[in-house]
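Okay, so here's the structure we're looking at.
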There are 4 protein chains.
Amino acid sequence: MPQILIIYTTLNGRTGEMVEPICEGIRDEGVEALTRSVEDVAWEDMRAADGIIVGNPTRFGGMDWQIKRLFDVTAFRDYPGPLSGKVGGAFGAGGRPGSGSELALMSTLHVLLNHGMVIQGNAHGAHYGPVYLRDTSADAIQDECRSWGRLWARLVKRLAQGHQ
Amino acid sequence: MPQILIIYTTLNGRTGEMVEPICEGIRDEGVEALTRSVEDVAWEDMRAADGIIVGNPTRFGGMDWQIKRLFDVTAFRDYPGPLSGKVGGAFGAGGRPGSGSELALMSTLHVLLNHGMVIQGNAHGAHYGPVYLRDTSADAIQDECRSWGRLWARLVKRLAQGHQ
Amino acid sequence: MPQILIIYTTLNGRTGEMVEPICEGIRDEGVEALTRSVEDVAWEDMRAADGIIVGNPTRFGGMDWQIKRLFDVTAFRDYPGPLSGKVGGAFGAGGRPGSGSELALMSTLHVLLNHGMVIQGNAHGAHYGPVYLRDTSADAIQDECRSWGRLWARLVKRLAQGHQ
Amino acid sequence: MPQILIIYTTLNGRTGEMVEPICEGIRDEGVEALTRSVEDVAWEDMRAADGIIVGNPTRFGGMDWQIKRLFDVTAFRDYPGPLSGKVGGAFGAGGRPGSGSELALMSTLHVLLNHGMVIQGNAHGAHYGPVYLRDTSADAIQDECRSWGRLWARLVKRLAQGHQ
């Protein structure tokens with residue numbers, strides 16, 4: 001069974017609330033979902049996964065420094081190579097519209113692409129990954145996260161089959 | 001009296017609704033505000049202004065093609081030079097959180113910076129420029145636009161004095 | 001046989017010089033390569049392709065306005081849907097280091113992701129797509145383009161198999 | 001005398017080589033230049049400066065994690081406010097064209113803008129800040145850095161006068 005690893009950190013709890021509905025969407029598609037906080041994730045978890053999804057709060061229009069350290073230091077070890085061809089994705093919480101949440105997503109995607117990962121946009125929802133703003137309803141974001149988790153799981157399955 | 005030119009285009013009307021409160025904020029500071037739609041703006045308007053603020057709806061995570069053509073073709077004439085040192089800014093409307101409104105703002109700022117313009121962030125509001133999403137209240141965005149207009153007018157005045 | 005469509009426009013000829021080696025790389029992998037200039041491409045070409053790769057020169061840190069119009073107007077017709085799940089990619093020429101060529105690539109990738117396309121980074125070469133600067137040797141860029149074309153063709157094949 | 005603080009970190013030495021010529025350009029304009037490595041910089045240095053210029057190597061298309069921590073943790077203390085209206089800027093070294101050096105610059109500028117800082121583009125040189133790639137000649141980058149330092153010093157002076 002293919003596996004997606006979710007690595008996350010949270011500031012006020014909202015990024016953390018997105019994790020469970022994303023996992024539900026992934027499992028709906030018969031893909032395993034493994035979650036690790038940025039403090040607990042091991043390099044072996046990252047190497048073993050078929051997909052890596054990263055969640056962080058909006059930190060000045062960029063990814064959280066601890067997530068960045070994970071890629072700059074830990075994932076730099078055997079670079080380039082180990083993460084190439086895996087599926088990547090990003091999600092996160094932010095404050096108001098225009099407060100940098102999309103830029104934070106994109107800064108995460110830049111890192112994943114740099115490691116050779118495969119990412120997908122979403123024409124039917126949040127195009128670059130789910131964003132939970134202060135005024136977003138909790139129900140709406142949970143639906144979005146579940147449906148996004150399913151989309152990512154399907155991409156992992158498409159690519160896994162293509163490898164055989 | 002220094003002058004700020006606002007160039008805009010609108011898709012469903014919301015970007016257009018942001019123009020008037022921005023002008024009010026600019027005028028509150030004793031700076032002239034001139035508005036032109038992308039179809040009507042002339043190169044001489046752009047050359048004459050002390051600041052140029054550009055508004056466009058979110059178009060696939062980027063600026064509207066007509067605004068892009070204005071810079072690729074019209075403003076390319078005497079490039080580089082004529083817009084250097086002027087104040088620049090961007091605002092716009094979008095759909096849902098994560099639907100590309102911040103990326104559209106940034107793509108506009110990239111063009112303005114490329115022309116040598118001076119831009120400012122905003123620590124106290126929408127950091128990269130006002131964003132009007134579908135669920136943003138009309139009152140909140142009007143307040144934000146007015147206060148942002150004042151900030152941009154003050155920057156124009158600071159730079160104009162510094163030139164004397 | 002799966003097919004990749006290359007849509008491009010060129011300013012001084014260097015973006016155009018990248019097209020042929022990319023096609024060679026694609027064909028090396030047994031995938032069909034079809035090329036169209038931005039003036040000639042038809043919406044049916046885009047709908048029919050398994051992958052769409054877009055090349056444009058650096059235009060003020062963004063994509064060329066004609067390419068933008070293609071997506072804002074032509075590809076907007078049946079949006080969202082028709083391009084979802086296809087492979088996307090971007091390449092282009094620029095002037096000096098720091099002259100906006102990467103930002104132009106990313107602005108193109110933002111549009112493709114917004115349409116639901118699948119993109120891949122490259123850990124072993126130009127991470128976001130091939131970039132041909134003024135001082136890049138013609139031999140080096142041709143090698144890079146060929147190898148990048150092969151990578152994209154392999155992604156198209158992985159995804160096509162996964163669909164069966 | 002107004003003062004610009006340069007905060008930097010370096011990976012293989014090239015980002016570090018850019019610091020001295022930037023300082024020379026700043027001093028040419030009668031502005032004080034103070035340099036601090038990311039390990040040594042103090043929050044009081046940042047509060048006292050009229051401008052803050054940040055240099056980091058390209059780290060997976062983003063800023064170095066230590067620089068990010070400086071803003072996420074140290075500069076977060078009295079946020080928002082203390083850095084608003086100061087001049088900001090970014091420079092850095094990278095590998096090959098398309099290896100993420102521009103994205104790293106922009107991720108730095110996003111943070112500075114988020115703190116309310118004023119930045120300027122450059123129509124006549126590297127538009128978003130100096131970029132030192134592996135194949136860039138050392139002479140060319142030193143000239144670019146000096147001329148860019150002068151430009152930033154002039155912006156600090158324009159804004160300082162406007163404040164009186």
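Order of the sequence lines sets the chain letters (A, B, ...), proteins ahead of strands, with each chain counted from 1.
Separating the CZ atom in B:Phe60 from the CG atom in B:Leu103 is a distance of 13.5 Å, to the nearest 0.5 Å. Atom-to-atom distance recorded for C:Met46:CE and C:Leu83:CG is 5.5 Å, nearest 0.5 angstrom. A distance of 5.0 Å separates CG of C:Leu70 from CD1 of C:Ile7, quoted to the nearest 0.5 Å. Distance check, rounded to the nearest 0.5 Å: CG of C:Leu133 to CD1 of C:Ile141 gives 8.0 Å.
With a 4.5 angstrom heavy-atom cutoff, B:Met63 touches chain C only via backbone atoms.
At a threshold of 4.5 Å between non-hydrogen side-chain atoms, the residues B:Ile4 and B:Ile53 count as touching. Side chains of C:Leu155 and C:Leu159 form a contact here, defined as non-hydrogen atoms less than 4.5 Å apart.
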Between chain C and chain B, which N/O donor-acceptor pairs sit under 3.5 Å?
| unit_1 | atom_1 | unit_2 | atom_2 | d |
| --- | --- | --- | --- | --- |
| C:Arg59 | O | B:Lys68 | NZ | 2.8 |
| C:Arg59 | NH2 | B:Asp72 | O | 3.1 |
| C:Gly61 | N | B:Asn114 | OD1 | 3.4 |
| C:Met63 | O | B:Lys68 | NZ | 2.8 |
| C:Trp65 | N | B:Asp72 | OD2 | 3.1 |
| C:Lys68 | NZ | B:Arg59 | O | 2.8 |
| C:Lys68 | NZ | B:Met63 | O | 2.7 |
| C:Asp72 | O | B:Arg59 | NH2 | 3.0 |
| C:Asp72 | OD2 | B:Trp65 | N | 3.1 |
| C:Asn114 | OD1 | B:Gly61 | N | 3.4 |

